[in-house]
**Q** 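Structure in structure tokens, see below.
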Amino acid sequence: MFKKSWLLLVAALFALMLSGCMADSGGDGKSESGEGDGKSGTGDSSGEDKPAAEDLEDKVVIYSPHGSDILGDFKQRFEEEYGIKMEFLDMGSQEILDRIRSEKNNTQADVWWGAPQVNFDQAKDEGLLAEYKPSYADSLDEMYYDEDWMWSGTSMTPEVIMYNNKEISEDEAPTDWDDLVDPKWKDELIIRYPLASGTMRTIYSAMIYRTYKDTEDTEEGYEWLKKLDANTKEYSANPELMYNQLAKGVGTLTVWNMPDTVMLAEEKGYPFGYVLPESGTPVLTEGIAIVKDAPHPKAAEAFYEFVNTTEAAKLLAEKYYRIPTRDDVEGLPEWITEAEDKIKPMDIDWALFQEKSDEWMDYWDNHIKSSDKEKGE
């Protein structure tokens, strides 16, 4: 009886040892530390193996205008995933471009995360960016990446007509840009002062560009802006003033961006609705790029991929109201999925925008704007 039990025990121990050897080999050449799929904790759905932490440099440096909430969130997630340090500087898009220029001969940043495509195009023209084609490239429409892969789009921002939905019903709201210059809306518009706002500069420049692209003449665009000025009750010095005046019913209409409009309604309870213009709208693309001569190039590539997985895109949509450029992100918030078929991007020459915008806005400021309508500090 004892001999039989001893033989069973030896057999069991032998089986356990054999099982352990098979686990160590992974059966497919991968170790257990790779969890068998090589995917990151944010859900890298590209199907590519993520780099091991020991293959990366000891840190990555990010320049970004995304703000401390997003940057702090992704710092924690990235450091937990890779065990290397993420450092970031939170500053405006133009400030980032200027800083990268000044550091050209002593590069400090690895990744530039967040800015309109026009800023990245400028940086590309000046030789400040490095080529990098991400693993998820096939999920991006051609309008959302640079042809040489010097940058790619992470999120999109459509511009909309925003209105107070307690004062104006959905059926009564303007459906297109030209509706805004109808005299029936006189003194109903509260506009964020355009010269200080990238959103407003984009919208105003787009209204000029609609006819300029065919005529190379600004006359019709300027005339349109004069009619809009006639319907404008006031120009707010900052967004909060605009939101408050619109919410109180001092005015009932404005033009703004879609993600902020949804966020203000859902998180702050403002009585705001929006319309995506039927004829089309400017759609800004927020991007990401690796800086040329990045001090930590492997860590830079890992971060680039990490913040653009489908799970990261979904998180940014749900928590931070970003509309992803990837076309393979599932389970997005309803406000995004409902708008997908209604967003009609205007065909815009962004290089021309960059060249002409200051000139057009200067003309508006000196020859069109009613100065007595400027409000706030």
**Q** Say whether T157 and E286, considering side chains only, have a donor N or O and an acceptor N or O under 3.5 Å apart.
**A**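 Checked: T157/E286 side chains show no N/O donor-acceptor pair below 3.5 Å.
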**Q** Between W360 and S205, which heavy-atom pair has the shortest distance, and what is it?
**A**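 W360 and S205 have their closest heavy atoms at CZ3-O, 3.6 Å.
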**Q** Please determine whether residues V250 and M242 belong to a single hydrophobic cluster, defined as Ile, Leu, Val, Met, Phe, Trp and Tyr linked transitively by side-chain heavy-atom distances below 4.5 Å.
**A**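 Looking at the clustering, M242 is in the same group as V250.
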**Q** Could you go through L128 and K292, starting from their C-alpha distance and side-chain angles, then the distance that decides it, and tell me whether this counts as side-chain contact (heavy atoms from CB on, under 4.5 Å)?
**A** CA-CA 5 Å; L128 301 175; K292 186 177 181 181; 5.7 Å; no
**Q** Check whether any side-chain N or O of K186 sits under 3.5 Å from a backbone N or O of A230 as a donor-acceptor pair, and report yes or no.
**A** yes
**Q** Can you check whether R326's main-chain N or O pairs, donor with acceptor, with S139's side chain at less than 3.5 Å?
**A**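 Checking the backbone N and O of R326 against the side chain of S139, no donor-acceptor pair under 3.5 Å is found.
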**Q** In Å and rounded to the nearest 0.5 Å, what is the CG to CD1 distance from L228 to I191?
**A**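 So the gap between those two atoms works out to 5.5 Å.
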**Q** Using atom types as modelled and distance alone, determine if a side-chain donor or acceptor of R192 lies under 3.5 Å from a backbone N or O of A237.
**A** yes
**Q** Heavy atoms only: give me the nearest I190-G251 pair and the separation to one decimal.
**A**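 In terms of heavy atoms, the two residues are closest at CG1-CA, 3.6 Å.
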**Q** Could you verify whether a donor N or O on one side chain and an acceptor N or O on the other, from Y243 and W256, lie under 3.5 Å apart?
**A**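 Their side chains do contain a donor-acceptor pair, which is all the 3.5 Å distance test asks for.
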**Q** So, D98 versus Q94: side-chain donor-acceptor pair below 3.5 Å or not?
**A** yes
**Q** Under the 3.5 angstrom rule, does the side chain of D141 hit a backbone N or O of Y144 as a donor-acceptor pair?
**A** no
**Q** Please round to the nearest 0.5 Å and tell me the distance separating atom CD1 of I100 and atom OG1 of T107.
**A**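 The OG1 atom of T107 is 8.5 Å from CD1 of I100, to the nearest 0.5 Å.
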**Q** Closer than 3.5 angstrom, by distance alone: can the side chain of R322 be matched with the main-chain N or O of Y320 as a donor-acceptor pair?
**A** yes
**Q** T199: what forms a side chain to side chain donor-acceptor pair (under 3.5 Å) with it, not counting sequence neighbours?
**A**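 So T199 forms no side chain to side chain donor-acceptor pair (under 3.5 Å) with any residue.
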**Q** I'd like to know if D121 pairs up with K124 as an ion pair, taking the criterion as any Lys NZ or Arg NE/NH1/NH2 lying under 4.0 Å from an Asp or Glu carboxylate oxygen.
**A**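 No, no charged N to carboxylate O under 4.0 Å.
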**Q** Assess the side chains of Y304 and S152: does a donor N or O sit below 3.5 Å from an acceptor N or O?
**A**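 Side-chain D/A pair, Y304 to S152: present.
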**Q** In terms of hydrophobic clusters joined by side-chain contacts under 4.5 Å, are I288 and M150 together?
**A** no
**Q** Provide the closest heavy-atom pair for M143 versus T285 in the form atom of the first, atom of the second, distance.
**A**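 Looking at all heavy atoms of both residues, the closest pair is O-OG1, 4.3 Å.
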**Q** Can you confirm if the aromatic rings of W113 and F88 lie within a centre distance of less than 6.0 Å?
**A**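 Centroid separation for F88 and W113: 6.0 Å or greater.
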**Q** Return the CG to CD distance between D327 and E340, rounded to the nearest 0.5 Å.
**A**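 So the CG of D327 and the CD of E340 are separated by 9.5 Å.
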**Q** Measure from the side-chain N and O atoms of K373 to the backbone N and O of D229, and report whether any donor-acceptor pair falls under 3.5 Å.
**A**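 Yes, the answer is positive, given that a donor and an acceptor are paired below the 3.5 Å cut-off.
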**Q** With the threshold set at 4.0 Å, does a side-chain nitrogen-carboxylate oxygen contact exist between R201 and D358?
**A** yes
**Q** Is a donor from one side chain sitting under 3.5 angstrom from an acceptor on the other, for D347 and Y209?
**A**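 The criterion, which ignores hydrogens and geometry beyond distance, is not satisfied for Y209 and D347.
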**Q** Could you please spell out the steps behind the salt bridge (charged side-chain N to carboxylate O under 4.0 Å, His left out) verdict for R77 and E81?
**A** CA-CA 6 Å; R77 294 171 187 272; E81 182 70 20; over 6 Å; no
**Q** Does Y63 share a hydrophobic cluster with F303, counting links as ILVMFWY side-chain heavy atoms below 4.5 Å and allowing steps through other members?
**A**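 Different clusters.
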**Q** For the residue pair N257 / Y274, report whether a side-chain donor-acceptor contact shorter than 3.5 Å exists.
**A** no
**Q** If you define the side chain from C-beta out and look only at heavy atoms, does anything of R101 sit under 4.5 Å from Q122?
**A** yes
**Q** Can you tell me how far apart CE (M207) and CD1 (I203) are? Round to the nearest 0.5 Å.
**A** 7.5 Å
**Q** Checking W112 now: which residues fulfil ring-ring contact (aromatic ring centres under 6.0 Å, His included) with it, not counting sequence neighbours?
**A**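 In terms of ring-ring contact (aromatic ring centres under 6.0 Å, His included), with neighbours along the sequence ignored, W112 is linked to F120.
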**Q** Nearest 0.5 Å, please: how far is CD in Q245 from NZ in K375?
**A** 9.0 Å
**Q** Considering only heavy atoms from C-beta outward, does the side chain of S155 approach that of L316 to under 4.5 Å?
**A**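 Answer no - side chains too far apart.
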**Q** Look at the side chain of N231 and the backbone N and O of D182, then say whether any donor-acceptor pair between them is shorter than 3.5 Å.
**A** yes
**Q** Give a yes or no on whether a salt bridge exists between K319 and D73, defined as a side-chain N under 4.0 angstrom from a carboxylate O.
**A**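 Looking at K319 and D73, the cut-off is met.
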**Q** Can you tell me how far OH of Y132 sits from CD1 of I290, rounded to the nearest 0.5 angstrom?
**A**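 With rounding to 0.5 Å, CD1 (I290) is 6.0 Å from OH (Y132).
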**Q** Shared ILVMFWY cluster between M156 and V255, side chains joined below 4.5 angstrom?
**A**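 Shared cluster, yes.
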**Q** Is there a donor-acceptor pair under 3.5 Å between the side chain of T215 and the backbone N or O of T211?
**A** yes
**Q** Less than 4.0 Å between a side-chain N and a carboxylate O, is that true for E220 and R210?
**A**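 No, R210 and E220 are not salt-bridged.
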**Q** Go through the steps to decide whether N238 and Y193 satisfy the test side-chain hydrogen bond (donor to acceptor under 3.5 Å, both in side chains), and finish with yes or no.
**A** CA-CA 7 Å; N238 61 63; Y193 183 60; over 6 Å; no
**Q** What I want to check is whether the side chains of N244 and Y270 have a donor and an acceptor closer together than 3.5 Å.
**A** yes
**Q** Taking all atoms of both residues into account, what is the closest heavy-atom pair of S93 and G114, and its distance?
**A** OG-O, 3.9 Å
**Q** Do the side chain of E79 and the main chain of M86 share a donor and acceptor less than 3.5 angstrom apart?
**A**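 A pair under 3.5 Å: yes.
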**Q** Decide yes or no for T281 and V160: does some side-chain heavy atom of the first lie under 4.5 Å from some side-chain heavy atom of the second?
**A**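 Heavy-atom side-chain distance check fails, nothing below 4.5 Å.
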**Q** Using the rule that two of Ile, Leu, Val, Met, Phe, Trp, Tyr join whenever any of their side-chain heavy atoms come within less than 4.5 Å, decide whether V61 and L89 are in one cluster.
**A** yes
**Q** If the condition is ring-ring contact (aromatic ring centres under 6.0 Å, His included), which residues does Y363 pass it with, not counting sequence neighbours?
**A**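 Testing Y363 for ring-ring contact (aromatic ring centres under 6.0 Å, His included), a comparison that skips the adjacent residues, returns Y222, H367.
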**Q** Got a salt bridge between R99 and E95, using NZ or NE/NH1/NH2 to carboxylate O under 4.0 Å?
**A**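 A salt bridge is absent here (no side-chain N lies under 4.0 Å from a carboxylate O).
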**Q** I'd like to know if the side chain of D176 reaches the main chain of D178, judged simply by a donor and an acceptor atom lying under 3.5 Å from each other, with no hydrogens or angles considered.
**A**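 No, because the side chain of D176 does not come within donor-acceptor range (under 3.5 Å) of the backbone of D178.
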